[in-house]
There are 4 protein chains.
Amino acid sequence: MIYADLMPADSEAPPRPGRPRSERARLAIMEAAADLLIEGGLAAATIEAIAARACVSKVTIYKWWSSRGAVAIDAYFHRYRLTVAFEDTGDVARDLAVQIEALADAFRGRAGEVMAELIGEAQSDATLAEVLRDRWIQPRRELTAAVLQRGISRGQVRPDVDIEILMDQLYAPLYYRLIVRHQPLDKTLAPTLVRTLLDGVRMGNEVLDPGTADTM
Amino acid sequence: MIYADLMPADSEAPPRPGRPRSERARLAIMEAAADLLIEGGLAAATIEAIAARACVSKVTIYKWWSSRGAVAIDAYFHRYRLTVAFEDTGDVARDLAVQIEALADAFRGRAGEVMAELIGEAQSDATLAEVLRDRWIQPRRELTAAVLQRGISRGQVRPDVDIEILMDQLYAPLYYRLIVRHQPLDKTLAPTLVRTLLDGVRMGNEVLDPGTADTM
Amino acid sequence: MIYADLMPADSEAPPRPGRPRSERARLAIMEAAADLLIEGGLAAATIEAIAARACVSKVTIYKWWSSRGAVAIDAYFHRYRLTVAFEDTGDVARDLAVQIEALADAFRGRAGEVMAELIGEAQSDATLAEVLRDRWIQPRRELTAAVLQRGISRGQVRPDVDIEILMDQLYAPLYYRLIVRHQPLDKTLAPTLVRTLLDGVRMGNEVLDPGTADTM
Amino acid sequence: MIYADLMPADSEAPPRPGRPRSERARLAIMEAAADLLIEGGLAAATIEAIAARACVSKVTIYKWWSSRGAVAIDAYFHRYRLTVAFEDTGDVARDLAVQIEALADAFRGRAGEVMAELIGEAQSDATLAEVLRDRWIQPRRELTAAVLQRGISRGQVRPDVDIEILMDQLYAPLYYRLIVRHQPLDKTLAPTLVRTLLDGVRMGNEVLDPGTADTM
DNA sequence: AAGTAATCGAGACGGTACGTCCGGTCTTCCT
DNA sequence: AGGAAGACCGGACGTACCGTCTCGATTACTT
């Protein structure tokens with residue numbers, strides 16, 4: 001199993017005039033914000049509370065982040081240095097299920113609750129929405145798109161499918177359950193999603209690889 | 001085509017002592033809140049702003065609603081007396097697509113943006129979350145479940161499917177696109193979702209009813 | 001000796017709708033502000049400090065006073081319910097000296113230091129400047145003008161004098177010394193000011209009533 | 001008429017090791033501060049604004065001045081290289097009136113408004129207060145004291161007067177009107193102050209030199 | 001020429017206070 | 001009892017300056 005760290009390494013910046021940014025302050029802010037997020041959710045992670053806990057001035061936070069949400073998402077990534085699982089076993093169903101289950105797993109527990117709040121906040125914070133799309137949603141979609149493309153080129157997946165919609169039908173249910181909470185994110189979810197999508201539900205469509213769900 | 005009004009009629013209350021609740025105030029609050037929601041989104045629909053615009057005291061609002069979100073969702077339903085479309089044509093694919101397209105249609109335009117904000121707010125307002133589930137999500141799921149059950153009993157859908165997951169794979173992509181905004185809610189979405197789910201995407205699975213998308 | 005209280009009694013207001021203003025809060029603000037003024041001067045009497053000490057919200061202060069200076073001057077008057085001394089002995093010199101000495105006396109000690117700060121603040125706070133003029137400077141000038149007018153009608157003072165300038169030459173030195181601090185506000189100041197002004201300093205002008213200074 | 005420049009020439013400093021102080025920076029600070037003072041008053045002349053306008057770092061200002069007031073007063077003198085007028089005509093009244101009118105003249109217009117603000121600020125800035133006393137108030141008092149002394153030695157002024165109080169009665173009204181703004185600093189002020197003080201206002205005191213006011 | 005020492009610019013930083021907004025609660029009177 | 005009016009406390013907001021603190025770059029005098 002291979003994991004890709006999604007956090008880009010900070011590129012080496014040429015020395016700029018003036019006092020350099022305090023790494024100490026940055027770290028303290030990240031830790032404080034992450035702690036507050038976990039303890040009391042997004043509502044507790046006010047700029048004031050973060051500043052107080054990090055022993056940092058509010059201005060220092062505003063200097064580097066545009067909104068509460070922007071700090072929160074960075075703190076979230078800082079704490080949960082989340083990785084994207086990928087594997088190329090030659091079996092499309094298996095590869096997809098692995099990726100989706102990895103996300104479902106991340107969504108179980110506190111990290112999922114906080115992510116739900118972040119997604120909620122993003123509905124009224126365009127910056128946060130963009131960061132979430134670019135640093136969270138897209139990387140996963142790209143890996144999944146690659147798996148599906150491999151499936152097509154190997155003749156396992158029909159070439160005329162709309163990959164975007166396919167990925168939505170794989171991933172969206174996780175976010176939907178995370179946010180609406182009408183059903184749990186249980187262990188059977190990921191394989192079922194994949195199998196249903198691959199085989200369809202029309203009567204007569206045989207389940208060609210009934211073992212897919214079991215082997216995972 | 002048949003439409004079901006989802007808003008329950010206010011039940012007749014037995015006459016209570018004291019001054020009866022002012023219907024004038026209730027309506028003014030709904031109208032004011034709806035106007036504010038549409039003009040400036042949820043952020044603009046503060047209790048103070050609603051009270052000022054409705055010429056109503058803040059206490060009157062707190063008396064009948066528990067939170068900003070509670071007023072907002074009522075105002076939303078008050079303004080967009082949304083209905084659930086259902087039809088029984090005997091064709092599962094068609095019936096599902098009609099329902100899903102009705103929702104996609106409701107999500108296009110301002111009503112969709114506001115709904116996204118309400119869903120966002122629900123992540124930190126349990127009352128709002130509950131109302132959304134009970135009055136918005138569930139009614140649609142029940143109708144869709146009925147369609148799927150009919151499909152099963154007619155032998156159009158395999159009886160061993162997990163209906164809950166199926167419905168997620170049909171509806172969740174709409175909410176996902178509404179909230180993440182990585183792809184538009186275009187007209188092809190609903191039929192494609194249905195067809196993909198029914199037929200699957202595995203190579204060799206023939207598209208049994210290629211006309212589904214065209215006829216809608 | 002007669003003292004006139006300069007603080008106007010609050011006129012009876014007709015009952016207005018809504019919760020009436022809290023007298024408790026008003027008093028607490030006055031006391032807190034006065035304490036802070038005396039302990040740390042105007043610089044210590046920030047809105048935040050006053051609010052904290054009075055156990056009152058900042059908004060309540062802003063609601064009733066327009067600036068820090070406005071609160072401070074009210075608190076000053078609240079604490080030093082200063083009175084204007086006046087007497088009509090028939091002796092212009094004596095009456096004037098009594099009034100001026102009363103002011104000099106008020107200016108000695110902490111009250112004078114605070115007044116100096118208030119006057120200083122008034123240079124950049126038009127509201128405060130106006131209040132100082134209307135409630136502090138003018139009442140005294142009016143009483144002094146009356147004394148001088150009596151002096152004129154009794155034939156003790158030449159009728160062609162400019163009363164405004166005369167009053168400046170009596171009062172201004174007190175404020176000048178209070179503010180510039182180049183000389184103290186000692187006991188001899190008031191009678192000397194009066195005598196010099198009445199008799200002039202030109203050689204040959206006899207001091208007609210050399211006892212004026214001694215009898216006070 | 002003779003004018004004395006009150007600004008002391010910078011004394012020649014012995015060459016010290018290290019980079020010498022930048023005259024360019026000093027001048028830029030003076031100009032920037034003076035401009036800001038005139039445009040927006042003392043409130044606008046913040047250290048940050050001065051530094052930005054002078055293209056100078058804040059530290060450079062703090063290095064050479066202890067407070068905002070200290071910069072402001074230097075900038076004030078830099079811009080208004082004010083001089084003290086003095087003349088020895090043999091006529092005490094005329095000499096005094098000339099000096100006082102010169103000050104009144106300086107106080108009319110923007111320079112007076114700014115001076116009022118500086119005096120105000122000095123109430124909470126001991127350094128500024130000291131500079132004002134030493135470089136502004138005292139030089140004028142010394143010249144005036146000299147005139148009065150000449151008057152005494154010439155037999156024009158009674159020798160038993162308190163010169164300090166006399167000078168207060170001449171100058172204080174100008175500052176008082178500048179600061180309290182209850183009356184304007186008009187052209188008749190200076191001669192009237194002098195004449196009243198010399199002759200007194202007691203009935204019977206003849207105006208010995210009624211032409212004083214007219215000839216100026 | 002190299003070293004030393006002070007200054008300067010840029011700008012980040014902790015801190016205090018600002019004036020405002022909104023959420024909830026309360027008090028009073030009116031209907 | 002409901003409702004309108006509005007005062008109140010509390011908490012957080014985002015901003016302005018303050019005075020301090022690194023930095024690296026300059027600019028003289030001193031070896």
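Proteins get letters first, then strands, A, B, ... in listed order; numbering begins at 1 in each.
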When rounded to whole Å, the CD to C1' distance for the pair Glu23(D) and dA28(F) reads 16 Å

Could you give all pairs that pass the salt bridge (Lys or Arg N to Asp or Glu O under 4.0 Å) test and reach residues 115-125 of chain C, with sequence neighbours left out? Arg68(C)-Glu121(C)

Report the residues that fulfil side-chain contact (heavy atoms from CB on, under 4.5 Å) with Ala54(D), sequence neighbours left out, ordered by chain and then residue number. Ala28(D), Ile29(D), Ala32(D), Val56(D)

Between P on dG6(F) and CD1 on Ile61(B), what's the gap in Å once rounded to a whole number? 16 Å

Measure the distance from CG on Asp125(B) to P on dG23(E) and round it to the nearest whole Å. 12 Å

Expressed in angstrom and rounded to an integer, what is the separation of Arg53(C) atom CZ from dC9(F) atom P? 17 Å

Quick check on contacts: within residues 43-51 of chain D, what sits under 4.0 Å from DNA chain F by heavy-atom distance? Thr46(D), Ile47(D), Glu48(D)

What is the distance, rounded to the nearest whole Å, between atom NZ of Lys58(C) and atom C1' of dG10(F)? 11 Å

Under 4.5 Å between any side-chain heavy atoms of Leu42(D) and Val114(D), yes or no? no

Rounded to whole Å, the CG-P distance (Leu36(D) to dA16(F)) equals 16 Å

Check this one for me: any side-chain N or O of Arg26(C) less than 4.0 Å away from OP1 or OP2 of dC8(F)? no

I need the CH2-C1' distance between Trp65(D) and dC18(F), as an integer number of Å. 18 Å

Please tell me if Trp64(D) has a side-chain N or O lying less than 4.0 Å from either OP1 or OP2 of dC8(E). yes

Below 3.5 Å is the cut-off: list the nitrogen or oxygen pairs between protein and nucleotides 21-24 of chain F, distance only.
| residue | atom | partner | partner atom | Å |
| --- | --- | --- | --- | --- |
| dC21(F) | O2 | Arg19(A) | NH1 | 3.0 |

Residues in salt bridge (charged side-chain N to carboxylate O under 4.0 Å, His left out) contact with Glu113(C), at least two apart in sequence or another chain: Arg110(C)

Min side-chain heavy-atom separation Ile179(D)-Gln123(C) under 4.5 Å: yes

Give a yes/no answer on whether the side chain of Arg24(B) brings an N or O atom under 4.0 Å of OP1 or OP2 in dA4(F). yes

Residue set satisfying side-chain contact (heavy atoms from CB on, under 4.5 Å) with Arg21(C), at least two apart, ordered chain then number -> Arg26(C), Trp64(C), Trp65(C)

Set of residues satisfying salt bridge (charged side-chain N to carboxylate O under 4.0 Å, His left out) with respect to Glu48(A), sequence neighbours excluded: Lys58(A)

Residues passing the side-chain hydrogen bond (donor to acceptor under 3.5 Å, both in side chains) test with Arg53(B), sequence neighbours excluded, are Glu39(B)

Could you check Lys63(B) against Tyr62(A) and say which one's nearest nucleotide on DNA chain F is further toward the 5' end? Lys63(B)

Check whether any side-chain nitrogen or oxygen of Thr60(A) sits under 4.0 Å from OP1 or OP2 of dG14(E), and answer yes or no. yes

Between Ser66(C) and Arg21(A), who's closer to the 5' end of DNA chain E by nearest nucleotide? Arg21(A)

Quickly work out the Leu27(D) CG to dC8(E) C1' distance and round it to whole Å. 16 Å

With sequence neighbours excluded, residues passing side-chain contact (heavy atoms from CB on, under 4.5 Å) with Arg79(D): Glu31(D), Ala34(D), Asp35(D), Ile38(D)

